[in-house]
Amino acid sequence: MLQDSIRTYMNNHIDLLFTYFNEFADTCIKNNYLDNFNRKSISIDFSSKSRQGDISSNFYLVAIKKISDKQFNLKDELLSGIHNLAFIDKCEISKNGFININIKKKFLIEQIQYLLNEQTQFGKSNEGNGKKVNVEFVSANPTGPVTVAHMRGAVLGDVISSLLSNTGHQVTREYYVNNAGSQIDILGKSLFKRYLELHGEKVELNSNEYPGEYLIDIAKLIKKKDGDKWLNYDSIDREEYFKDFAVKYLIEFIEKDLMLLNIKFDKFSFEKDIVNSSIINDLFNILDKKNLLYNGILEKPKGDDSEDWEPREQLLFKSSSILDDQDRAFKKSNGEWTYFANDAAYHLDKYNREFNKLINIWGADHVGYIPRMKSVLKTIANKDDYLEIVTCQIVRLIKNNKILKMSKREGNFITLQEVYNQVGKDPLRYFMVSTKSETSMDFDLNKVIEKNKDNSVFYCQYAYARASSVINKAEDLGIDIKSFNNFDEIIKYLTKDEIEIILKLLSYPYIVKLASNAREPHRLTNFIEDVSASFHSFWNKGKENESLRFIDENNIIKTQTKLIWLQSMRLVFENIFNIIGIDYHETM
RNA sequence: GCGCUCUUAGCUCAGUGGAUAGAGCAUCGGUUUUCUAAACCGAGGGUCGCAGGUUCGAGUCCUGCAGAGCGCGCCA
């Protein structure tokens, strides 16, 4: 396993070059030719259209600023050093200071061989070193079906989890169920009213109660099971029963909804368990020991013109001394823990379960809570970045060129299932991660199901299908690469366009690493769209120029050359589709 | 009033402090007896919201301003 990952790491020309630059810098610094500098400023560009070589770097520009020994000839030393690297064909430094490098074709072929050998392992690395990461996402209140408000975070969390697995982390997908507190009280009451209704009583729902019809279905289940047992059962037991019953079924609904998108959780954690455990006292003690808790009165929030505000003394968390701009309520004035206190205790629970890192996926409406929660975790874990919070902005739904407005209060929110029924899993998953999560996004229900190149999912899946059709057709003609071993020979047959596609494919492991480290799945969708475009373009060249067609029955080795990179492309696509969680088909 | 996020082509969006800012859609003009035309090729289209600053170099970093979104007592 470790050996494999080292092989992956060392085999990639981009990583090899990074390693070389760092070693070069180390040596120069040791000999006092260069001052020390931040290695993160070194970039290797493998995709720029304006580049001169196969890949390029700013290393010379960065290093030349740090020369401390004026006798030192950076340019010559660097060039001769790079030239000595086994995989380098050509290397020069342009007038404006960029290093442009061409890779030996033999080396590219070796990497393609390696790719074909690795199959679905290609691009996976052990960067994470088996670190335990907890990714908490969705965590929607169990008061109704999953709505569109949660679908972006749901897919984002799932795909980030996959990315982390691909880079050698041990990932737990977790859902925090808020099954305590007043919203659940209201849920229980709403359900009881539906139950009464089923027994012929006329009921009216208050404006804050849940009107959804799903509660009628759940009430029917209670009626079927218990009959009229609860009608005159006026007690706390009854309230608890209705609350727990509602939550149990709603969590099942939620799991089913998320399964539509093929999202599964490893663990559900319940707020009620946190409340009933001693963990919140543990947290109290940790914070109290550090003098971060005190009784005080919060100021009236500015901009709040409500008249029922009144100063109240309560237990406060001194988050302003850590990362927040003000202190936050830890207990309500009636002595109960606040939601925040419970949630913070839940995070302590995760910490106690010995995760190396916690990642939360939060919606835009929770960004105000980031500083206080990070303050808690900084105190607990003594690390700034132990808790990482990825936020995603809202998704507006567009249909027939109109924005679909919804409001939870009026009960006309759109559910995940409704959207799923209209567009299906693949477009939904793909588009939810194809833009930066911090940017608000428009999701056009008409456009995402179109079957043309305006629809990136289709465009990429179509590229995969076309590549498959060539491979299958070749196989029908008796040409395949199953026992191909004449790799030295194919160098002659590769065209410039093909080498460009191969270079892109070989940069895939690096893309995965970047996407994983930045928690940015859209880097993958950008990448696959780019490769798809190159592929479609190449395909059409075969129409104008017959020598560029994939299959040439009179030239088996040339055909096999193409099959080799086509198969490589298919493997890379499969890996990406698997991470994003969408299907691929050999015919469409 | 305060905080966070965002502002790049007509539209939807990419863009590691580096080279002449890129895709797709839309518009206009081309390409199908062919391995999937559900595709490809070409053209036009830009004050990177505005103004300063840091830097050899800024769409990218900093400050201010404007606009949009989200949030701002014990709710969850």
Side-chain angles (χ1 to χ4, degrees), chain A residues 40-45 47-52 56 58 61-62 64-65 94-98 100 141 143 178 180-184 186 208 271 297-304 306 308-312 314-315 324-326 328-340 342-343 363-371 391 393-394 396 434-436 438-442 444 447 450-456 458-459 462-463 465-474 477 514 518 522-523 525-526 529-530 533 536-544 546 549-552 562 587-588:
Chain A
K40 282 186 180 160
S41 57
I42 303 170
S43 73
I44 293 177
D45 192 348
S47 57
S48 168
K49 288 276 159 63
S50 54
R51 64 166 184 244
Q52 306 293 315
S56 60
N58 67 346
L61 283 163
V62 172
I64 199 162
K65 282 190 275 191
S94 73
K95 248 185 206 169
N96 47 14
F98 286 90
N100 294 309
N141 286 349
T143 54
N178 297 123
S182 63
Q183 290 306 308
I184 299 299
I186 294 168
N208 66 352
E271 186 183 7
I297 299 169
L298 284 173
E299 281 177 34
K300 181 175 180 178
K302 283 172 183 163
D304 181 1
S306 63
D308 57 352
W309 185 87
E310 55 182 65
R312 283 171 185 158
Q314 59 196 130
L315 186 70
D324 212 342
D325 56 349
Q326 54 176 290
R328 304 293 176 176
F330 209 70
K331 269 187 177 179
K332 304 178 191 176
S333 56
N334 66 7
E336 287 175 22
W337 301 109
T338 58
Y339 168 80
F340 164 60
N342 290 342
D343 203 4
D365 52 344
H366 282 73
V367 289
Y369 292 77
I370 295 173
T391 60
Q393 293 290 322
I394 52 163
R396 286 194 308 183
S434 66
T435 59
K436 255 190 311 195
E438 297 90 2
T439 314
S440 57
M441 170 177 130
D442 289 343
D444 190 318
K447 276 193 183 161
E450 281 174 11
K451 300 202 169 188
N452 56 37
K453 65 174 310 195
D454 190 15
N455 183 343
S456 324
F458 171 79
Y459 187 71
Y462 185 47
R466 271 183 154 179
S468 302
S469 91
V470 173
I471 289 173
N472 292 334
K473 167 116 188 196
L477 296 169
L514 282 178
H522 74 272
R523 290 169 187 270
T525 57
N526 288 345
E529 284 169 35
D530 182 34
H536 284 305
S537 175
F538 189 90
W539 178 286
N540 271 64
K541 279 183 182 140
K543 293 186 183 302
E544 292 152 23
E546 206 156 312
R549 290 171 62 81
F550 289 103
I551 297 173
D552 181 351
K562 295 188 179 353
T587 55
M588 292 182 74

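Note on naming: letters A, B, ... go to the chains in the order of the sequence lines (proteins, then strands), and numbering restarts at 1 for each one. Since this is a predicted model, take the numbers as computed values, not measurements.
Taking the side chain of Lys65(A) as heavy atoms from C-beta on, and the options G57(B), A39(B), A14(B), the nearest nucleotide is G57(B). When distances are taken from the side chain of Ser56(A) to each of A19(B), C35(B), G3(B), the shortest belongs to A19(B). Closest approach to the Thr587(A) side chain among U36(B), A14(B), U34(B) is made by U36(B) (side chain taken as heavy atoms from C-beta onward). When distances are taken from the side chain of Met441(A) to each of A39(B), C35(B), C13(B), the shortest belongs to C13(B). Candidate nucleotides U5(B), U36(B), A14(B) were compared by shortest atom distance to the side chain of Thr435(A), and A14(B) ranks first. When distances run from any side-chain atom of Phe550(A) to the nucleotides C35(B), A14(B), U12(B), the shortest one goes to C35(B). Closest contact between the side chain of Met588(A) and the listed nucleotides A19(B), C35(B), U36(B) involves U36(B). When each of U36(B), A76(B), U5(B) is scored by its nearest atom to the side-chain atoms of Asn141(A), the top-ranked nucleotide is A76(B). Side chain of Ser43(A), nearest nucleotide from U16(B), U5(B), U36(B): U16(B). Distance from the side chain of Ala364(A) is smallest for C70(B) among the nucleotides C70(B), C75(B), C25(B).
Ala180(A) comes within contact range of the sugar-phosphate backbone alone, with a heavy-atom separation under 4.0 Å but no base atom that close. Using a 4.0 Å heavy-atom cutoff across all strands shown, His366(A) reaches at least one base atom of the nucleic acid. Within 4.0 Å of Asn178(A), counting heavy atoms only, lie sugar-phosphate atoms of the nucleic acid but no base atom. Residue Ile551(A) is in base contact, counting any heavy-atom pair closer than 4.0 Å across all strands shown. Residue Ser182(A) is in sugar-phosphate contact alone, with no base atom involved, counting any heavy-atom pair closer than 4.0 Å across all strands shown. Among the heavy atoms of the strands lying under 4.0 Å from Pro311(A) is at least one base atom, whether or not backbone atoms are also near. At a threshold of 4.0 angstrom between heavy atoms, the contacts of Ile184(A) with the nucleic acid are absent.
A donor-acceptor contact under 3.5 Å is not formed by the side chain of Ser537(A) with the base of A39(B). For a distance-only test at 3.5 Å, the side chain of Asp365(A) fails to qualify as a donor-acceptor partner of the base of A76(B). Judged by distance alone with a 3.5 Å cut-off, no donor-acceptor contact links the side chain of Tyr462(A) to the base of C40(B). Within 3.5 Å, a donor on the side chain of Asn540(A) pairs with an acceptor on the base of A39(B), or the reverse.
Minimum heavy-atom separation, Ser456(A) to Glu529(A): CB-OE2, 3.2 Å. Of all heavy-atom pairs spanning Asn58(A) and Ser43(A), the tightest one is OD1-N, 2.8 Å. Closest of all the heavy-atom pairs between Ala474(A) and Ile551(A) is N-CD1, 3.7 Å.
In this structure, the CG atom of Asp45(A) is 9 Å from the P atom of A19(B), given to the nearest Å. At whole-Å resolution of the value, OH in Tyr339(A) and C1' in C72(B) are 17 Å apart. As a whole-Å value, the separation of Arg549(A) CZ from C40(B) C1' is 14 Å. To the nearest angstrom, P of A38(B) lies 20 Å from CD of Glu529(A). Between Lys300(A) atom NZ and C2(B) atom C1' there is a gap of 15 Å when expressed in whole angstrom units. Rounded to whole Å, atom P of C72(B) lies 15 Å from atom CZ of Phe340(A). Atom-to-atom, NZ of Lys541(A) to C1' of U32(B) comes out at 18 Å; the value is rounded to the nearest Å. Between Leu61(A) atom CG and U55(B) atom C1' there is a gap of 13 Å when expressed in whole angstrom units.
Rounded to whole Å, the P atom of G67(B) lies 15 Å from the corresponding atom of C50(B). Comparing the same atom, C1', in G49(B) and in G57(B) gives a spacing of 23 Å after rounding to whole Å. C61(B) sits 16 Å from G15(B) when the C1' atoms are compared, rounded to a whole Å. When the P atom is used for both A9(B) and G46(B), the distance is 10 Å, rounded to whole Å. Rounded to a whole angstrom, the distance from the C1' atom of A14(B) to that of C6(B) is 15 Å. Comparing the P positions of U12(B) and U7(B) gives a spacing of 13 Å, expressed to the nearest Å. Rounded to whole Å, the C1' atom of G45(B) lies 13 Å from the corresponding atom of C11(B). Taking atom C1' on both G64(B) and G24(B), the two are 36 Å apart, rounded to the nearest angstrom.
Both Ser41(A) and Ile394(A) sit near RNA chain B, but only Ser41(A) has its closest nucleotide nearer the 5' end. Between Lys40(A) and Lys331(A), the residue whose closest nucleotide on RNA chain B is further toward the 5' end is Lys40(A).
Regarding contacts with the backbone of C40(B), a side-chain N or O of Tyr459(A) is found under 4.0 angstrom from either OP1 or OP2. Between Ser440(A) and C6(B) there is no side-chain polar atom (N or O) within less than 4.0 angstrom of OP1 or OP2. Between G15(B) and Lys436(A), a contact under 4.0 Å exists linking OP1 or OP2 to a side-chain N or O. Within the structure, every side-chain polar atom (N or O) of His536(A) is placed at least 4.0 Å from both OP1 and OP2 of A37(B). Phosphate proximity of U34(B) to Trp539(A): absent, as no side-chain N or O sits under 4.0 Å from OP1 or OP2. For Arg466(A) and A37(B), the shortest distance from a side-chain N or O to OP1 or OP2 is below 4.0 Å.
Using Watson-Crick or G-U wobble geometry with both donor-acceptor distances under 3.5 Å, G44(B) finds no partner in any strand shown. In this structure, C2(B) and G71(B) make a Watson-Crick or G-U wobble pair, each of the two defining distances being under 3.5 angstrom. Summarising the base pairing, G10(B) is matched to C25(B) through a Watson-Crick or G-U wobble pair whose two defining distances lie under 3.5 Å. Base pairing of G64(B): its partner is C50(B), meeting the Watson-Crick or G-U wobble criterion (both donor-acceptor distances under 3.5 Å). Base-pair partner of A38(B): not found among the strands shown (Watson-Crick or G-U wobble, both distances under 3.5 Å). Within the shown strands, G18(B) is the pairing partner of C56(B) under the Watson-Crick or G-U definition, both distances less than 3.5 Å.
Gln314(A) places a side-chain N or O within 3.5 Å of a backbone atom of Lys331(A) that can act as its donor or acceptor partner. Not a single donor-acceptor pair under 3.5 Å links the side chain of Thr338(A) to the backbone N or O of Lys332(A). Under a 3.5 Å cut-off, the side chain of Asn178(A) and the backbone N or O of Asn141(A) do not form any donor-acceptor pair. Remark: the backbone N or O of Tyr339(A) is not paired with any side-chain donor or acceptor of Asp343(A) at under 3.5 angstrom.
In U8(B) the base sits anti relative to the sugar, since the glycosidic angle is further than 90° from 0.
Note on ring orientation: taking the six-membered ring where Trp is involved, the planes of Phe340(A) and Phe330(A) are perpendicular (angle over 60°, cut-offs 30° and 60°). Aromatic ring pairs are classed by plane angle as parallel below 30°, tilted from 30° to 60° and perpendicular above 60°; the pair Tyr462(A) and Phe458(A) is parallel.
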